[in-house]
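Have a look at the structure below before the remarks.
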There are 2 protein chains.
Amino acid sequence: MTGSTTSIDREQFRQMLESFMAKKGLRSTKQREHIVEAFFAQPDHVSIEELLARVRERDSSIGYATVYRTLKLLAESGVANERKFGDGLTRYELADGDAHHDHLICVECKRIVEFEEPRVEALQEEIAARHGFVIRSHKHEMYGVCPECQAKAKAPAAKMA
Amino acid sequence: MTGSTTSIDREQFRQMLESFMAKKGLRSTKQREHIVEAFFAQPDHVSIEELLARVRERDSSIGYATVYRTLKLLAESGVANERKFGDGLTRYELADGDAHHDHLICVECKRIVEFEEPRVEALQEEIAARHGFVIRSHKHEMYGVCPECQAKAKAPAAKMA
DNA sequence: CTCATTGCAAATAATTTGCATGTAA
DNA sequence: TTACATGCAAATTATTTGCAATGAG
């Protein structure tokens with residue numbers, strides 16, 4: 001029911017990953033399966049430590065190096081994208097090849113809101129073409145203050161007294 | 001002669017910095033002056049180490065911690081913006097409050113091309129308004145393959161033979 | 001004189017890597 | 001059996017911080 005228009009489904013991602021691994025002669029292990037599973041279950045800007053915690057609920061012996069290595073694998077295979085927002089952490093999300101969503105980030109409360117805007121996509125194509133680039137991916141992040149934090153900033157009457 | 005339409009000039013940036021420092025009771029030192037000078041001389045996505053190298057040409061005794069601290073200061077004062085592209089380095093650029101330029105990055109040769117597109121700006125405002133956000137800044141990066149690298153990829157005839 | 005600033009080196013934090021052992025294929 | 005994969009701990013890399021000495025106001 002989350003039905004986004006053109007997004008790739010889990011099955012296709014599994015296929016991508018499988019064929020990538022086959023091509024490179026990589027092996028399927030229970031650790032990798034757990035990690036990929038956990039990632040698919042929580043595909044939005046997860047950090048390594050979040051993922052590790054989740055994965056360890058299933059198999060507490062999994063080491064963090066394996067999570068790092070597997071996420072890098074997912075990124076190489078095109079299934080995941082690496083993201084660095086302001087904090088020092090690398091986060092990963094589903095590559096989501098078509099339904100390009102972008103981010104609106106509150107600089108006060110750090111909330112992350114996603115949005116989609118096809119017209120921005122169109123402009124990107126145009127800009128890329130102008131410079132002769134073939135686009136692989138993009139990041140579009142807007143940093144600002146969310147409605148809640150604006151309200152908080154306006155009504156600090158109690159504190160000011 | 002680089003005359004971009006609405007960009008803030010150096011003088012204004014110096015003013016911003018000065019009033020920020022005055023407000024916070026911070027002091028002006030020769031190290032800070034050197035660093036700020038070096039930054040203004042090379043304001044596009046410079047890394048700390050690049051800046052440090054340049055600053056040490058003038059005063060070789062300046063420590064790298066000071067560069068880190070000063071750049072953070074510039075960011076807080078609104079004069080500089082922090083940027084993290086793919087590599088592990090934090091880069092800084094002039095905040096450039098109005099002439100919002102964005103980046104087109106070649107994933108092969110790492111070249112960074114800047115572009116400006118007012119229509120993207122307009123759409124951003126619209127999106128922000130839709131979510132009730134007040135925008136402070138934004139990042140818009142497109143990753144792809146530049147014309148040169150496309151050419152290189154197409155003509156490896158010698159290699160393929 | 002007072003307190004911010006500096007340089008250095010040590011401390012953190014995130015990520016990567018070497019290696020002996022485990023394990024898909 | 002033959003590599004690839006894993007877990008651990010040690011290594012790296014980028015950045016931050018404690019502190020005694022220095023210097024601005």
Side-chain angles (χ1 to χ4, degrees), chain A residues 14 17-39 45-77 80-92, chain B residues 17-39 45-77 80-92 110:
Chain A
R14 280 186 215 279
L17 182 56
E18 220 169 284
S19 72
F20 177 85
M21 290 179 69
K23 190 170 52 188
K24 298 263 184 176
L26 304 177
R27 294 168 185 176
S28 169
T29 65
K30 71 179 200 308
Q31 289 89 331
R32 283 180 178 165
E33 277 163 25
H34 276 136
I35 295 167
V36 170
E37 217 43 60
F39 177 66
H45 18 84
V46 254
S47 66
I48 296 288
E49 49 171 45
E50 286 165 352
L51 219 37
L52 179 62
R54 208 145 285 138
V55 161
R56 280 189 168 163
E57 291 169 7
R58 301 282 171 149
D59 180 342
S60 62
S61 71
I62 290 179
Y64 64 112
T66 303
V67 180
Y68 274 101
R69 290 189 273 229
T70 303
L71 270 283
K72 189 159 295 175
L73 184 65
L74 287 179
E76 282 171 41
S77 74
N81 274 158
E82 277 188 325
R83 293 264 172 188
K84 315 213 183 207
F85 298 108
D87 54 0
L89 291 182
T90 301
R91 290 165 185 285
Y92 291 84
Chain B
L17 183 56
E18 222 170 281
S19 73
F20 177 84
M21 291 179 69
K23 190 171 54 188
K24 297 264 185 177
L26 304 177
R27 293 166 185 177
S28 169
T29 67
K30 72 177 198 310
Q31 288 90 330
R32 281 179 180 167
E33 277 162 26
H34 276 138
I35 295 167
V36 170
E37 218 42 60
F39 176 66
H45 19 85
V46 255
S47 66
I48 296 289
E49 50 171 46
E50 286 165 351
L51 219 38
L52 179 62
R54 208 146 283 140
V55 161
R56 280 188 167 164
E57 291 169 7
R58 302 282 171 148
D59 180 341
S60 62
S61 72
I62 290 180
Y64 64 111
T66 303
V67 180
Y68 273 102
R69 290 189 273 230
T70 303
L71 270 284
K72 190 161 295 179
L73 184 64
L74 288 179
E76 282 172 41
S77 74
N81 274 158
E82 278 187 326
R83 292 264 173 189
K84 316 214 182 205
F85 298 108
D87 54 359
L89 292 180
T90 301
R91 290 165 185 284
Y92 291 84
K110 312 295 181 196

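Each chain gets a letter, A, B and so on, in the order the sequences are listed, and its residues count up from 1.
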With sequence neighbours excluded, tell me which residues meet side chain to side chain contact (heavy atoms under 4.5 Å, CB included) with Lys84(B).
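With sequence neighbours excluded, Lys84(B) shows a side chain to side chain contact (heavy atoms under 4.5 Å, CB included) to Thr90(B), given in chain and number order.
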Applying side chain to side chain contact (heavy atoms under 4.5 Å, CB included), name anything that partners Tyr64(A), two or more places apart in sequence or on another chain.
Leu52(A), Tyr68(A)
[X] has an atom [atom1]; how far is it from atom [atom2] of [N], in whole Å?
X        : N       : atom1 : atom2 : answer
Leu26(A) : dC4(D)  : CG    : P     : 9 Å
His34(A) : dA24(C) : NE2   : C1'   : 16 Å
Phe85(A) : dA14(C) : CZ    : P     : 17 Å
Leu71(A) : dT6(D)  : CG    : P     : 12 Å
Glu49(B) : dT12(D) : CD    : C1'   : 14 Å
Arg32(A) : dT6(D)  : CZ    : C1'   : 9 Å
Met21(A) : dA24(C) : CE    : P     : 12 Å
Ile35(B) : dT6(C)  : CD1   : C1'   : 10 Å

Assign each of Ile48(B) and Ser28(B) to its nearest nucleotide of DNA chain D by heavy atoms, then name whichever residue's nucleotide is nearer the 5' end.
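Checking each residue's closest nucleotide, the 5'-ward one belongs to Ile48(B).
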Between CG on residue Leu71(A) and CD1 on residue Ile48(A), distance to nearest 0.5 Å
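That separation rounds to 4.0 Å.
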When you check the phosphate oxygens OP1 and OP2 of [N], does a side-chain N or O of [X] lie under 4.0 Å from one of them?
X        : N       : result
Thr29(B) : dT5(C)  : no
Gln31(A) : dG22(C) : no
Thr90(B) : dA14(D) : no

With heavy-atom distances below 4.5 Å as the criterion, would you say the side chains of Met21(B) and Arg32(B) are in contact?
yes
Quick one: are Glu82(A) and Tyr92(A) in side-chain contact, heavy atoms under 4.5 Å?
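In short, these two side chains touch, coming nearer than 4.5 Å.
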Which residues pass the ring pair (Phe, Tyr, Trp, His ring centres under 6.0 Å) test with His34(A), sequence neighbours left out?
none
Please write out each protein N/O paired with an N/O of nucleotides 16-23 of chain D under 3.5 Å, distance rounded to 0.1 Å.
residue	atom	partner	partner atom	Å
dT16(D)	OP1	Lys72(B)	NZ	2.4
dT16(D)	OP2	Lys72(B)	NZ	3.1
dG23(D)	N2	Arg27(B)	NH1	2.9

Taking five pairs at each end of the helix from dC1(C)-dG25(D) to dA25(C)-dT1(D), what angle separates the two helix axes (nearest 10°)?
30°
Salt-bridge test for Glu49(B) and Arg91(B): reply yes if a basic N is under 4.0 Å from a carboxylate O, no otherwise.
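No.
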Closest non-hydrogen atom pair between Arg56(A) and Gly63(A), with its separation
NH2-CA, 3.8 Å
If the condition is side chain to side chain donor-acceptor pair (under 3.5 Å), which residues does Ser60(B) pass it with, not counting sequence neighbours?
none
